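It should be emphasised that the depicted structure is a prediction, and the values quoted were computed from it without experimental measurement. Values reported hereafter were calculated over all heavy atoms of this structure, with side chains retained and with hydrogens, waters and symmetry mates removed.
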Amino acid sequence: MRLSIRSKIILGYIFVLVCVVVFLGVISSRVASLQRETDFISQHDIEVHDLAHNIEKSLLDMETGQRGYMITGDTSYLEPYTAASSKWESEYNQLYRLLADNPEQQKNLEDIKANIDRWIEIAGKPSIEMKRSGQDAEVRTFFQRDPGKPEMDAMREKLTAFLDTEKGLTSERVQTLEDNNRRLITIIYLLWIVLAAISISAAVLISRNIVTTIKEVTGTIREIASGGNLNKRIHTRTRDEIAELGSATNDLLREVQQQNEMKEQIAATATLLQNEAGLASLSRVFVNRLASIFQVPYIVLYEAKEEELVRLASYAGEHEGEAGKSVIAWGQGLVGQCAADQSMITLDRVPNNYIHISSGLGSAVPTYLAVAPIVFEGRTLAVIEIAALVTFSKHQLDMLRQLLDTVGVTMHSVINRAQIQRLYMEAQTMNEELQAQSEEMQVQTEELQVQSEELQMQTDELQSLNDKLEYQKAQAEEAAAEMEKYAEQAKLSSNYKSEFLANMSHELRTPLNSMLILSQILSENKNGTLQEEEVNYANVIHSSGTDLLRLINDILDLSKVESGQIQLDISSINAGELPEIMYRYFAKTAEAKSLDFKVEIAPNVGDVFFSDELRLHQILRNLLSNAFKFTERGEVSLSIYKLDSVSTPQFSMPYETLAFAVRDTGIGITEEQQQVIFEAFKQADGATARKYGGTGLGLSISLQFAKLLGGELVVESEPGKGSTFTLYLPYQTEYVDESPMLVMQAEAAAAISGPLSTASAQAARPVGSRIYAEEPATDPPAAEDMFLEDSALFDGKKILVVDDDIRNVYALANALERYNMQVLTAQNGYECLDLLQAEPDIDMILMDIMMPEMDGYQTMRNIRQTLEMTDLPILALTAKAMKEDRDKCLAAGASDYLSKPLNINEVIARIKVWLTRSEI
């Protein structure tokens, strides 16, 4: 009988588990009993005490209400008396039922009830009736003798005795419960000791059987390792997993032996091939070597040319039909397909009429065929076809692939040497030709004298030459016209690209709009209906959508820069505001990563300089974002200083220059990586992209913007010590059209995803020493908090949302209704016009542009011209973010413009602005 280690262990565990089940049965029985006792105390006793106290309180309320009414005559004092009169009997009945198991306590309750009934009969009701009938003298007499007081005192004494009895019973039950708990713990310890003893005994018995056998196998393996004899195999006598271990070890020894054999064959082949100088001789030696290694009868090698494969060498066949075709086209047959696909092809069943292996004694048909390419650096150099009598094993196929890789390197070297030799011979020939031409030049020099004498004769020929020049001029003008035509075509292609970018922006931003708005609403969880994990899900959705929007904006910016469709907006920039702005963007990031963040402005930098503020902020945000991304500890800083000039091997700026240096103590960048990081869609390496994410667009866009602004962006870095990215810009303290940054303006408008941060509009904080450390930046109040101060402004306002995308309508409606606004919807321009005529008191319209039947442009024109609603605020919402789209919206009659996807806080802010204007 074969009893495996697994079976031994399982049997041991089964035995232990049976003991555990018995143990658990005993414990469960005792725990259930204790639970019943605990439930009885927690439910029965507590409820009895509560009901008894409630009855006592009701009687106190009755007595207090009676006395208050008797003294004051105010009927309101009878309210607690009346309520307690109807309540105490139901509580008494409930308490009486709970004491069904204690007749003695029920008898006590009956006595208490008799006292209560007598008090009501002789004191409560009579006194109230006397007071109601106005018998004040009788009331005073009643209180002087007060016949109900003895009954009330007796009732209180009996009720106190009743409660004391119940408390004593509860104490007895608790003590009994504690005794049972102690007995249960004692039982648990005893059962645990028994179970431990049984488990340890079973484990010792099973492990002894296993370890004894394993030691035998280990000794055999050590003997093989010390002797180094790979031919020796392990012999096991057991019939369990140890036998399988020995078999696996034997397989490992066999695999190591095969690997050593493979390495020896590859090394010998490489040594044999390195002495061959010609491709033909190299191929013959290699084919013969393969035939010897794999013991195969037929091999053919084809050299790969540009359009065909040519037979270069063969084994056991040199004529057409004996060893395959002489020439094969690319993609033709198995050989041609193998060359094209660069992958091995094997056939296990070869037809009988495919090829015959013949010798002096007879012939046979091969049963196995392998066609394999010889590839070097992605280029097919040759294809080899092997016919064998037996199927190749996996080990043989692996050896064949490595041999092909080895010969590929050697064959590439031979081909290169042949090409170098051919080029050398061509150079020799050209040198001889140059020598001959030099001699001819000498002869021509001697002839120049003769030619000078013939100049007069050539004057007559000038007229003919002028005619030829006129003809060439006409041809040049025709070529210029053709070039102008090509220029028009190029401009048309550029327009197509711009239109494509605009359409792509619309198609990508439209679904993002509803996703971002709804995820923002969910993440705020104003109704408190979502769990914390669900709020986190909404935050992740909103964050991912924001990242996707940032990627779309980066791609559009890069495309516009490359096509020259960026127009700079040069204006004055307050240098003192830059630290505040950058802190608003990155203070939270620095705090989250425990990094020091500071901004330093040199004293020689003036308060105001001229540049494109939007593009400058975008460059600095990209550089600082990268610095924080790749820095785990230390600090990130931004230094702003002025230089008289800048001169480097790459560029020169011979005028006053403003430098923005972003330094970090992060992972750093190698010299090789610094050559590619400014290229679009490229990062330092694949590992960086996997660990830190990103698209590789930020630095490329920043470099393009820097050049548009007339400056440069450079990097200095050392791996492991950090990086410094420095932006150099011309230092302009006044607006000059001929400044270096302005001559590079493009023709098209820049598309922006949204308005710039309002931080630049705030007053700059005092500069002082002009060093800004990482002091906590005060975040601006959330937009919704600011809007809540004007709930009165939004309450009841009628807002018409015009959009054909039901997702956007749903998202906007939910967002606006949170501010108590009344939302009407329309899916196209016709529905919008009909609603305006039916609801003339609409306060504002949120108008989508791309709609069926009648788009937003035509709808706004009809509102302004046909309906003559010139003062109605219209906020245009479009997924197209090009500047010309904004201009078209305003020209069609829009009051304001926002690009999708929308930031709901910004939408509310714009609505507030226009509602305020309309009320003024």
Side-chain angles (χ1 to χ4, degrees), residues 506 509-510 512-514 516-518 520-521 524 546 549 553 614 751-762 780-803 805 808-826 832 836 842-850 856-857 859-860 863-864 869-883 885-920:
H506 176 269
R509 290 168 182 267
T510 296
L512 273 178
N513 181 57
S514 57
L516 289 177
I517 293 177
L518 292 175
Q520 181 180 354
I521 293 174
E524 292 173 356
T546 304
L549 174 61
N553 291 336
L614 172 63
I752 57 174
S753 59
L756 193 62
S757 170
T758 56
S760 60
Q762 300 176 355
E784 186 163 344
D785 295 336
M786 295 187 293
F787 302 145
L788 288 177
E789 299 175 3
D790 302 321
S791 300
L793 175 63
F794 299 126
D795 193 21
K797 296 296 184 182
K798 276 190 179 181
I799 307 296
L800 174 58
V801 177
V802 186
D803 198 321
D805 193 322
N808 292 336
V809 173
Y810 176 74
L812 277 173
N814 275 274
L816 298 179
E817 287 172 355
R818 292 189 304 159
Y819 296 90
N820 297 324
M821 287 185 261
Q822 182 180 355
V823 180
L824 307 177
T825 62
C832 171
L836 284 174
I842 289 176
D843 298 291
M844 191 171 184
I845 300 177
L846 304 183
M847 179 72 68
D848 185 38
I849 298 302
M850 303 298 291
Y857 297 125
T859 304
M860 290 188 290
I863 292 173
R864 298 307 190 200
M869 294 183 174
T870 58
D871 297 329
L872 178 63
I874 302 176
L875 181 59
L877 311 176
T878 178
K880 291 189 174 182
M882 312 298 278
K883 182 177 183 297
D885 296 317
R886 178 180 185 277
D887 296 337
K888 286 177 64 177
C889 290
L890 297 179
S895 307
D896 206 341
Y897 165 93
L898 281 178
S899 62
K900 296 178 182 178
L902 302 171
N903 183 317
I904 193 59
N905 292 332
E906 186 175 354
V907 173
I908 297 300
R910 297 291 179 92
I911 292 177
K912 176 182 178 181
V913 169
W914 287 102
L915 289 180
T916 304
R917 290 187 182 181
S918 62
E919 290 183 358
I920 294 177

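In this structure, CD1 in Ile863 is found 7.5 Å from CE in Met869, a value given to the nearest 0.5 Å. Here the CG atom belonging to Leu902 is positioned 7.5 Å from the CG atom belonging to Asn808, to the nearest 0.5 angstrom. Leu872 contributes atom CG, which lies 8.5 Å from atom CG of Leu800 (distance to the nearest 0.5 angstrom). Note that OH of Tyr897 is 15.0 Å distant from CE of Met847, once rounded to the nearest 0.5 Å. Rounding to the nearest 0.5 Å gives a distance of 12.0 Å between CG of Asn820 and CG of Leu793. We find the CD1-CZ distance between Ile904 and Arg818 to be 7.0 Å, quoted to the nearest 0.5 Å.
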**Q.** Test side chain to side chain contact (heavy atoms under 4.5 Å, CB included) applied to Ser791 and Tyr819, step by step
**A.** CA-CA 7 Å; Ser791 300; Tyr819 296 90; over 6 Å; no

Q. Do Leu812 and Leu877 pass the side chain to side chain contact (heavy atoms under 4.5 Å, CB included) test, and can you show the C-alpha distance, the side-chain angles, and the key distance before you say yes or no?
A. CA-CA 11 Å; Leu812 277 173; Leu877 311 176; 3.9 Å; yes

(Q) Would Val801 and Leu824 count as a side chain to side chain contact (heavy atoms under 4.5 Å, CB included) here? Give the steps. (A) CA-CA 6 Å; Val801 177; Leu824 307 177; over 6 Å; no

Q.
Between Phe794 and Lys912, is the side chain to side chain contact (heavy atoms under 4.5 Å, CB included) condition met? List the steps.
A. CA-CA 8 Å; Phe794 299 126; Lys912 176 182 178 181; 3.8 Å; yes

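At a threshold of 4.5 Å between non-hydrogen side-chain atoms, the residues Gln822 and Ile799 do not count as touching. The side-chain heavy atoms of Asp848 and Lys900, taken from C-beta on, include a pair separated by under 4.5 Å. Side-chain contact between Leu816 and Ile908 is present, with at least one heavy-atom pair separated by less than 4.5 Å. Within the 4.5 Å cutoff, no side-chain heavy atoms of Pro873 are placed close to those of Asp843.
Here the closest non-hydrogen pair linking Cys889 and Met860 is O-CE, 3.9 Å. Here the shortest heavy-atom pairing between Arg864 and Ser895 reads NH2-OG, 3.2 Å. Nearest heavy atom pair, residue Cys832 against residue Ala826, reads N-CB, 3.7 Å.
Asp896 pairs by the side-chain contact (heavy atoms from CB on, under 4.5 Å) definition with Leu875, Arg910, Trp914, not counting sequence neighbours. Not counting sequence neighbours, Thr825 has no partner by the side chain to side chain donor-acceptor pair (under 3.5 Å) test.
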